[in-house]
2 protein chains.
Amino acid sequence: MANIKEIARIAGVSVTTVSRVLNNHPYVSESKRATVLQTIEQLHYARNMNAVHLSTGRTGTVAVILPYINLFYFSVVMDGLAHEALLAQYRLILCQSNYAPDEELKVLEMLRNKEIDGVVVVSTALLPEVIEEYMEYGPVVTCQDNGERRFSSVYIEHYAAFRHGLEYLKDKGYRKIGYCEGRQNGSSASIRQTAFQAFLAEHQLPFRQEWMVFDCMTEESGAAVARSLLPMEERPEVFMVTGDHVAAGLIIEARKHGLRIPEDIAVLGFDNQPIGRLLEISTIDNHLYDMGAAAFRIIHEQIRTGNRQPVYRKLDYEIIERGTV
Amino acid sequence: MANIKEIARIAGVSVTTVSRVLNNHPYVSESKRATVLQTIEQLHYARNMNAVHLSTGRTGTVAVILPYINLFYFSVVMDGLAHEALLAQYRLILCQSNYAPDEELKVLEMLRNKEIDGVVVVSTALLPEVIEEYMEYGPVVTCQDNGERRFSSVYIEHYAAFRHGLEYLKDKGYRKIGYCEGRQNGSSASIRQTAFQAFLAEHQLPFRQEWMVFDCMTEESGAAVARSLLPMEERPEVFMVTGDHVAAGLIIEARKHGLRIPEDIAVLGFDNQPIGRLLEISTIDNHLYDMGAAAFRIIHEQIRTGNRQPVYRKLDYEIIERGTV
DNA sequence: GCTTGCTATGGAACGCATTTCATACGCTAC
DNA sequence: GTAGCGTATGAAATGCGTTCCATAGCAAGC
């Protein structure tokens, strides 16, 4: 396979000149440029990008850590990331970690090994302290609210958003409020739990352990929540559900069992997914696509400029009133 | 930053020995191995993977071409790919192409540029002939049925699956059959159209242009189909819908307008998505996760062995009977 | 006439790890 | 006793493009 040296030899120029042509540098005469391009054409020359990466110390690639690509939440964030990456001519490496810390660490090691230029952490099992250690090797942006860290983050104001939702429910007259959460110990999940408990205490609202359900990641788990309502001595009046697909499961299963929405059980969803629109689920839109897009733009900027000053970008949210509350 | 040469100098051995330690080669005495490892530790040495890639001509990375990551269909295939890639310690580059041919070509060029070891094409706007031209640079696996090509493919027997579905409907007594398709000109879509038209002709079933709808990719487009039924002079008795989320849109919107499922309009979905299970949509499960997993295993095998003999792996499908037909 | 500065071009160093080949020691087998 | 093999180790070649630095011609400015 031809290399740059061969091109130079045949075109009768130096490798420097060939490199300049390849990279559109100035100071190459039109005649030589033409000869070089022609030689490249003739020999079907293809640049060995590994040599370029070695030489430049850059790869034009960013890795993305997330647990499950087929959960709507993550695929939408990924969509935002991928769209911006395409615009910036960057490549994205997907690490679907299943929250396995060692796999997530491997990705950070790739940063250290110069295999990638940066890392976007959409959701992780790693502690912020661990991530911080890798900041010296390249920029990292997380999509979680980690407070003031050495790495950047783009995040929804989960505390405020959740409170806002609770206030909205309270204003509507609801007092018995239930809560379906994804992971019990996730960073955003913890924030929401705190918000939930604080709000209940503040307003002296009733609470029962069975109104709070964890590990609700799928439609099926939403359906299970609906079924759990049936034998319940005292039911909540409304559920806040993190994820419209989970809310959809809850609603459809509840209706199957003759419960009316919102009269018997009201539901406020999260994420504003297409299924929520279809079922007219009231929801909190937290702009997931924008989160991905913003995360990429920040990391791209930091790679480009070499600036490591962390950026904390707070995204807003909005309640979309539909029919389930 | 320390490199292998520095490690060698300080540890008092040759770079060869350091390399051997790094790669777990035999023929290194325990004492030297220990010294080297200790030096690596001390200097916080990190291997420059770009040099490794240049030197070995391999990158341990496979690129994936697909149009939209946030469509369930693709995110599930990606899940299968990602899972296997993790097991094989391979990295996946995601190219979300939006079916832009030039972006898809760029990925094939990456193969030529040795930036990646192989390409998995989940769905593409490119012609098979174009893909074939890149086979000399590395293995390519597509997830479409392209017939006998120089590249491998993992595919659902769309023709058979679709016919099977049609037969199932006919056996149930349906004669007026409608059809909602994603892309009009997709490779799988074309096969299904052919199957559809052949079946109708064969059994002299009635057909109307308005019973065939294209560009149904989302829940909303399914809902639009439901609305289009209302003013229709003569309605189909059943719709085959490629994608359970589209079927879900159709069903939910139809019910909103008082249509009973399946009495007024029956629906047979595709892809066996979680939402289909929840709504008890009868569907054709075409094992998308397995498709991704199989695609990765094939390309990994071909990278490993250097074997370029194309493999055509046909996946089976099954009708899942639930309540909408 | 001489200094400055821009255009054009090439030599050589640099980024870094892998791998082939050569060498050498020690032990077993015949 | 020596041929042969396995273990251990290093020198040097290899993969390939980028970029700093040096050189030189030529034109504009004083």
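A note on names: the letters A, B, ... follow the listed sequences, proteins ahead of strands, and every chain is numbered from 1. Side chains are part of it too, since the values below use all heavy atoms of this structure and drop only hydrogens, waters and symmetry mates.
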Begin with the C-alpha distance, continue with both residues' side-chain angles, and end with the deciding distance and a verdict on salt bridge (charged side-chain N to carboxylate O under 4.0 Å, His left out) for A:Lys106 and A:Glu109. CA-CA 5 Å; A:Lys106 267 189 210 161; A:Glu109 281 294 320; over 6 Å; no

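Both A:Val52 and A:Val28 lie close to DNA chain C; mapped to their nearest nucleotides by heavy-atom distance, the more 5′-ward contact belongs to A:Val28. Summary of the strand contacts: A:His25 and B:Tyr27 both lie near DNA chain D, and taking for each the nucleotide with the nearest heavy atom, the more 5' one is attributed to B:Tyr27.
As rounded to whole Å, 14 Å separates atom C1' of D:dT18 from atom CG of B:Asn50. Atom CD in A:Glu30 sits roughly 10 Å away from atom P in C:dT9 (whole-Å rounding). Rounded to an integer number of Å, the gap from CG of A:Asn24 to P of D:dG17 is 16 Å. Computed from coordinates, the B:Leu43 CG to C:dC16 P distance equals 13 Å when rounded to whole Å. C:dA17 atom P lies 8 Å from atom CG of B:Leu22, rounded to whole Å. Summarising the geometry, the separation between NE2 on A:His53 and C1' on D:dG17 is reported as 11 Å, rounded to the nearest angstrom. Taking atom CD of residue B:Glu6 and atom C1' of nucleotide C:dA17, one finds them 15 Å apart after rounding to whole Å. Rounding to whole angstrom units, CZ of residue B:Arg9 and P of D:dG10 are separated by 15 Å.
Residue A:Ser29 has no polar side-chain atom (N or O) positioned under 4.0 Å from OP1 or OP2 of C:dA8. For A:Asn23, a side-chain nitrogen or oxygen approaches OP1 or OP2 of D:dT18 to under 4.0 Å. Distances shown here put every side-chain N or O of B:Ser55 at or beyond 4.0 Å from the OP1 or OP2 atom of C:dT18. For B:Ser14, no side-chain nitrogen or oxygen approaches OP1 or OP2 of D:dA11 to under 4.0 Å. Between A:Lys114 and C:dG15 there is no side-chain N or O to OP1 or OP2 distance below 4.0 Å. The phosphate of D:dT7 has neither OP1 nor OP2 within less than 4.0 Å of any side-chain N or O from B:Lys32.
Between the base of D:dA11 and the side chain of B:Thr16 there is a donor-acceptor pair shorter than 3.5 Å. Contact annotation: side chain of A:Thr56 to base of C:dG15, donor-acceptor pair absent below 3.5 Å. Between the side chain of A:Arg20 and the base of C:dG10, a donor-acceptor pair under 3.5 Å is found.
The pair A:Glu136-A:Arg112 fails the salt-bridge criterion, with no side-chain N (NZ, NE, NH1 or NH2) lying under 4.0 Å from an Asp/Glu carboxylate O. A salt bridge links A:Arg149 with A:Glu129; the closest basic N to acidic carboxylate O contact falls under 4.0 Å.
With A:Phe151 as the aromatic partner, A:Arg308 does not meet the cation-pi criteria of under 6.0 angstrom to the ring centre and within 45 degrees of the ring axis. Geometrically, B:Arg150 does not engage B:Tyr134 in a cation-pi contact defined by less than 6.0 Å to the ring centre and at most 45° from the axis.
With distances taken from any side-chain atom of A:Tyr45 to the nucleotides C:dC16, D:dG17, D:dT9, the minimum falls on D:dG17.
Among the heavy atoms of the strands lying under 4.0 Å from A:Ser19 is at least one base atom, whether or not backbone atoms are also near. Nucleic acid contact for B:Val18: none, since no nucleic acid atom lies under 4.0 Å from a heavy atom of the residue.
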Can you give the donor-acceptor pairs under 3.5 Å from side chains of residues 67-78 of chain A to other protein atoms, not counting sequence neighbours?
| residue | atom | partner | partner atom | Å |
| --- | --- | --- | --- | --- |
| A:Asn70 | ND2 | B:Asp79 | OD2 | 3.4 |
| A:Ser75 | OG | A:Phe72 | O | 3.1 |

